[in-house]
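No experiment lies behind these values; they were computed from the predicted model shown. Values reported hereafter were calculated over all heavy atoms of this structure, with side chains retained and with hydrogens, waters and symmetry mates removed. In the text below, chain A, chain B and the rest are named by the order of the sequence lines, each starting its count at 1.
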Amino acid sequence: MPELPEVQTVVNHIRPKIIGKQLMTIIPIWEKTLHNFNKDDIHGIKNNNKIIDVYRRAKFIIIEFTDKIIAIHLRMTGKLYISKNSTYPKHATAVLEFDDNESLIFEDVRKFGRIYLYDDLKVINSKHGPEPLDKNFTVELFKGMIKSKNRNIKALLLDQSFLSGLGNIYVDESLWESGIHPNSISSSIPVKKISTLHNKIQSILRNAILKKGTTIIDFSVNGESGKYANDLSIYGKNNKACFRCNSIIIKLKVAGRGTYACTKCQKKYDKKSTRIKC
DNA sequence: AGGCGTTCCTGGGGGC
DNA sequence: TGCCCCCAGGAACGCC
């Protein structure tokens with residue numbers, strides 16, 4: 001499931017290949033893929049159809065034109081890659097065709113992935129929290145964010161309106177590295193632990209980007225595999241020994257997700273703070 | 001406010 | 001071998 005490092009890897013891969021190209025058409029093979037527009041609406045791009053930049057915001061791949069952006073979300077099983085073939089693979093859900101007979105293929109087995117057309121980033125920014133690797137995402141900011149909520153920490157870290165980019169794998173890894181049980185309540189986590197969590201989220205994401213992401217089930221870039229799978233400490237390791245304390249890792253369900261944890265060395269901070277009513 | 005269930009989808013795994 | 005059932009999960013949405 002593509003999270004921040006996987007999306008960044010896709011961006012790094014396609015960016016140099018499509019900057020400067022002109023978008024001619026979008027072919028919606030699976031109609032619902034174009035979420036807030038239809039293929040005729042890209043006439044709005046027509047006069048300024050040259051791609052000027054490609055970058056990531058949250059888990060979106062942003063393709064920027066002079067006065068429009070196309071935002072692509074891979075969701076669970078989406079893949080995005082350049083192709084020179086005129087035939088499309090079995091699970092292609094949409095195709096962006098360029099002026100030079102090359103295409104950007106959006107392939108998505110489970111069809112959850114979506115493409116959006118916006119004037120700018122405003123809509124996406126309004127629904128998303130800070131970027132965890134941004135210099136403005138400071139320890140002090142994070143402490144305030146965590147302490148201001150009385151929520152299950154895993155649910156909170158998965159919430160894109162709270163913090164952008166994390167998904168099931170990197171949340172479990174970050175909590176394990178920090179020694180925090182996924183069923184902890186955010187407001188009761190000690191500030192020192194929040195500081196550790198901030199540090200671990202950043203180091204895990206940076207390392208995962210260097211390794212080109214994690215290969216689990218569906219993610220790959222043109223057959224090239226991510227190497228972070230070799231660095232996973234907790235995700236998918238149920239019934240195995242914890243690398244840190246050697247006790248057995250369990251699988252549980254938290255926030256509706258399959259969750260891996262070591263109950264011995266991940267401490268549960270679960271006292272809800274009493275709120276003062278005014 | 002926050003938690004929970006439901007929906008969208010299909011391939012793959014378990015059971016027999 | 002084959003068939004049926006169920007499950008995985010990011011995000012949006014409605015309900016309590």
In whole angstroms, the gap separating C1' of C/dA11 from CG of A/Leu4 amounts to 17 Å
Whole-Å distance separating the CG atom of A/Leu158 from the P atom of B/dG3
12 Å
C/dG10, C/dA12, B/dG11: which one has an atom nearest the side-chain heavy atoms of A/Asn168?
C/dG10
Please tell me if A/His73 has a side-chain N or O lying less than 4.0 Å from either OP1 or OP2 of C/dA11.
yes
Within the 4.0 Å heavy-atom criterion, would you say A/Gly258 contacts the bases, only the backbone, or no part of the nucleic acid?
sugar-phosphate
Rounded to the nearest angstrom, tell me the gap between atom CZ in A/Arg75 and atom P in B/dT10.
15 Å
I want to verify a distance call: between C/dA8, B/dG11, B/dG2, whose nearest atom is closest to the A/Asn150 side chain?
B/dG2
Residues A/Lys154, A/Asp172: salt bridge by 4.0 Å N-O rule
yes
Strictly by modelled atom types, are A/Asn12 and A/Arg56 linked by a side-chain donor-acceptor pair under 3.5 Å?
no
I need the CE-C1' distance between A/Met76 and B/dG12, as an integer number of Å.
14 Å
Is it the case that the base of C/dA11 and the side chain of A/Arg114 share a donor-acceptor contact (distance under 3.5 Å, atom types as modelled)?
no
Closest-nucleotide ordering on DNA chain B, the 5'-leading residue of A/Ser148 and A/Lys32:
A/Ser148
Examine B/dG11: is either OP1 or OP2 under 4.0 Å from a nitrogen or oxygen in the side chain of A/His91? Give yes or no.
yes
Check the phosphate of B/dG2 against A/Lys149, side-chain N and O only, distance under 4.0 Å to OP1 or OP2. Yes or no?
yes
When the distance from CG of A/Asp108 to C1' of C/dG10 is rounded to whole Å, what number comes out?
12 Å
Would you say that A/Phe106 contacts A/Leu74 through its side chain, given a criterion of any heavy-atom pair below 4.5 Å between the two side chains?
yes
If you look at every strand shown and take non-hydrogen atoms under 4.0 Å, does A/Asn152 touch a base, only sugar-phosphate, or nothing?
sugar-phosphate
Has A/Phe112 got its ring stacked on the base of C/dG10, with centres under 5.5 Å and planes less than 30° apart?
yes
Is there a side-chain contact between A/Tyr269 and A/Pro190 in this structure, where contact means two heavy atoms from C-beta onward sitting under 4.5 Å apart?
yes
Phosphate OP1/OP2 of B/dA1: any A/Arg151 side-chain N/O under 4.0 Å:
no
Between atom NZ in A/Lys127 and atom P in C/dC13, what is the gap in whole Å?
7 Å
Run the salt-bridge test on A/Asp108 and A/Arg75 with the 4.0 Å N-O cut-off and return the result as yes or no.
no
Below 4.0 Å: OP1/OP2 of C/dA8 and any side-chain N or O of A/Tyr235
no
Round to the nearest Å and state the distance from A/Asp172 atom CG to C/dG10 atom P.
10 Å
Rounded to whole Å, please give me the gap between CD in A/Glu3 and C1' in C/dA8.
14 Å
